[in-house]
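Computed from a predicted structure; not experimentally measured. In the text below, chain A, chain B and the rest are named by the order of the sequence lines, each starting its count at 1.
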There are 2 protein chains.
Amino acid sequence: MINSIPEPAIKRLSALYQLLCRLEVSEVNAISSREIGDRLDISAHTVRKDISYLRESQTSGARYTVLKLKELIARSLNFATSRKACVVGLGKIGTAIINYSRFSSYGFDIVAGFDSNVNIVETLPAETDLFPSYMIPEIVKEREIELAILAVPFEAAQLCVDRLVKGGIKGIVNFSSALLTTDKNIVITDVDVTKELRVLSAMISLGSK
Amino acid sequence: MINSIPEPAIKRLSALYQLLCRLEVSEVNAISSREIGDRLDISAHTVRKDISYLRESQTSGARYTVLKLKELIARSLNFATSRKACVVGLGKIGTAIINYSRFSSYGFDIVAGFDSNVNIVETLPAETDLFPSYMIPEIVKEREIELAILAVPFEAAQLCVDRLVKGGIKGIVNFSSALLTTDKNIVITDVDVTKELRVLSAMISLGSK
DNA sequence: CAATATCTGTTATTTTTTTCACAACTATCT
DNA sequence: AGATAGTTGTGAAAAAAATAACAGATATTG
């Protein structure tokens with residue numbers, strides 16, 4: 001592939017994009033690689049290298065223009081076009097996420113919510129259209145939903161994934177503690193508090209890094 | 001350091017530990033590196049390599065004994081001794097986490113909850129002791145809390161971190177969208193849905209991996 | 001009980017990622 | 001305008017991690 005950016009770099013650039021959005025709001029209009037590094041807890045070298053993967057020089061010698069750099073990253077990583085997403089599982093976590101209004105301003109439109117409990121679907125006050133879980137494949141396909149946030153109990157997770165895949169989903173953020181299996185071309189990231197606590201615990205013990 | 005395990009390996013071993021716990025419940029008592037790899041979506045080579053960092057041979061040639069391996073990992077990564085943790089911010093996410101009862105069975109004891117709203121602290125039904133936020137330094141020190149789950153709004157995050165650090169916290173799982181800064185020796189992992197969505201989005205676009 | 005198939009543990013190799021070094025550029029101050 | 005201090009971009013070097021290869025061990029099957 002021509003434009004092959006290392007995965008760690010993609011993650012850091014995503015974080016950088018977030019930082020730049022903040023800086024824009026604070027009306028900061030220029031920042032150096034060192035300042036970025038301090039804020040993001042990475043080296044200035046890495047910051048510059050990551051930006052260099054985008055193959056479009058900013059004015060060398062001067063600090064980065066916040067707006068210009070933000071737009072370069074948006075263009076390179078396709079943050080410009082907004083993507084449709086859905087929330088599966090409307091328990092406490094799912095409800096909190098679906099009612100978090102700021103997604104759209106970050107380029108993600110939550111266009112559907114699903115739950116296996118029809119009662120919840122009918123009574124929950126939400127601005128988003130809600131459907132029973134068996135309709136996942138149909139709605140995902142119909143509304144061209146690319147991303148899903150999965151917040152169902154452990155036991156239900158795999159079934160939901162299968163339904164999402166059936167509808168043609170491309171990526172899943174998994175809040176359940178289940179270990180999901182699926183095709184290679186569907187990207188899944190796991191968000192598991194217990195796992196995070198464990199990793200922290202291990203890093204504290206081993207003093208790694 | 002003598003026992004230096006690469007950070008990616010620590011993360012994978014944590015996931016493996018979780019898998020082994022599941023297998024134990026399902027009464028599976030042996031598993032091969034290939035089967036582990038399939039489940040965790042990594043190569044069998046990597047699995048064996050990761051385990052080899054623990055410097056204690058299992059019976060070579062035979063498959064891994066679930067119980068034995070689980071205990072080896074627990075011993076090596078210090079999962080055996082339980083750690084005390086707290087939840088800061090008792091909004092929807094924080095409440096969901098503090099009421100999630102299974103932490104203790106995974107070696108984490110949630111021994112305190114904090115919120116700046118005294119009303120919430122007094123009225124919220126929870127099994128855990130709740131305190132107003134200004135008491136964080138005192139309680140963290142007193143109860144020897146090592147880990148914190150931070151689920152407060154953006155604006156309040158940094159103040160809470162400073163208070164936690166004052167109390168001697170060692171690690172923080174950050175659910176807020178704030179970019180936190182602190183001493184190098186305190187480990188922070190960020191859990192940000194928007195960031196995860198962005199990374200997924202970029203990976204879908206670039207077709208990386 | 002021998003033969004075969006299947007495993008693990010670990011060294012060696014390859015690939016990926018980070019770090020370094022420095023030329024070239026920009027802004028600022030006198 | 002010259003000098004100085006600070007900055008980026010990037011090819012090269014170093015470090016880290018993933019992958020492969022295989023020796024040595026263990027089950028299993030006929």
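Here D:dT7 presents its P atom at 11 Å from CD1 of A:I31, a figure rounded to the nearest Å. Taking atom OH of residue A:Y64 and atom C1' of nucleotide D:dG6, one finds them 13 Å apart after rounding to whole Å. Atom CD1 in A:I36 sits roughly 18 Å away from atom P in D:dG6 (whole-Å rounding). Residue B:K68 contributes atom NZ, which lies 14 Å from atom C1' of C:dG9 at whole-angstrom precision. In this structure, A:I51 places its CD1 atom 11 Å from P of D:dT10, rounding to the nearest Å. Between the CG atom of A:D38 and the P atom of D:dT7 there is a distance of 11 Å, given to the nearest Å. B:E35 places its CD atom 13 Å from the P atom of C:dT6, with the value rounded to the nearest Å. In this entry the distance linking CZ of B:R34 with P of C:dT8 reads 9 Å, nearest Å.
B:I139 and B:I145 get closest at one heavy-atom pair: O-CD1, 4.2 Å.
Taking only side-chain nitrogens and oxygens, B:S52 never comes nearer than 4.0 Å to OP1 or OP2 of C:dT10.
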Are B:K84 and B:D109 close enough, and set up right, to give a salt bridge (Lys or Arg N to Asp or Glu O under 4.0 Å), and what steps lead you there? CA-CA 5 Å; B:K84 290 177 185 166; B:D109 286 329; over 6 Å; no
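B:N99 and B:E127 form no side-chain donor-acceptor contact under 3.5 Å, judged by distance and modelled atom types alone. For B:S205 and A:R83, the side-chain atoms include at least one donor-acceptor pair closer than 3.5 Å. A donor atom on one side chain and an acceptor atom on the other are found under 3.5 Å apart for A:D192 and B:Q18.
With contacts defined as side-chain heavy-atom distances shorter than 4.5 Å, the pair A:E24/A:L67 qualifies.
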Nucleotide N/O to protein N/O under 3.5 Å, stretch nucleotides 15-22 of chain D:
{"unit_1": "D:dA18", "atom_1": "OP1", "unit_2": "B:R12", "atom_2": "NH1", "d": "2.9"}
{"unit_1": "D:dA18", "atom_1": "OP2", "unit_2": "B:R12", "atom_2": "NH1", "d": "3.4"}
{"unit_1": "D:dA18", "atom_1": "OP2", "unit_2": "B:R12", "atom_2": "NH2", "d": "2.9"}
{"unit_1": "D:dT19", "atom_1": "OP2", "unit_2": "B:T46", "atom_2": "OG1", "d": "3.3"}

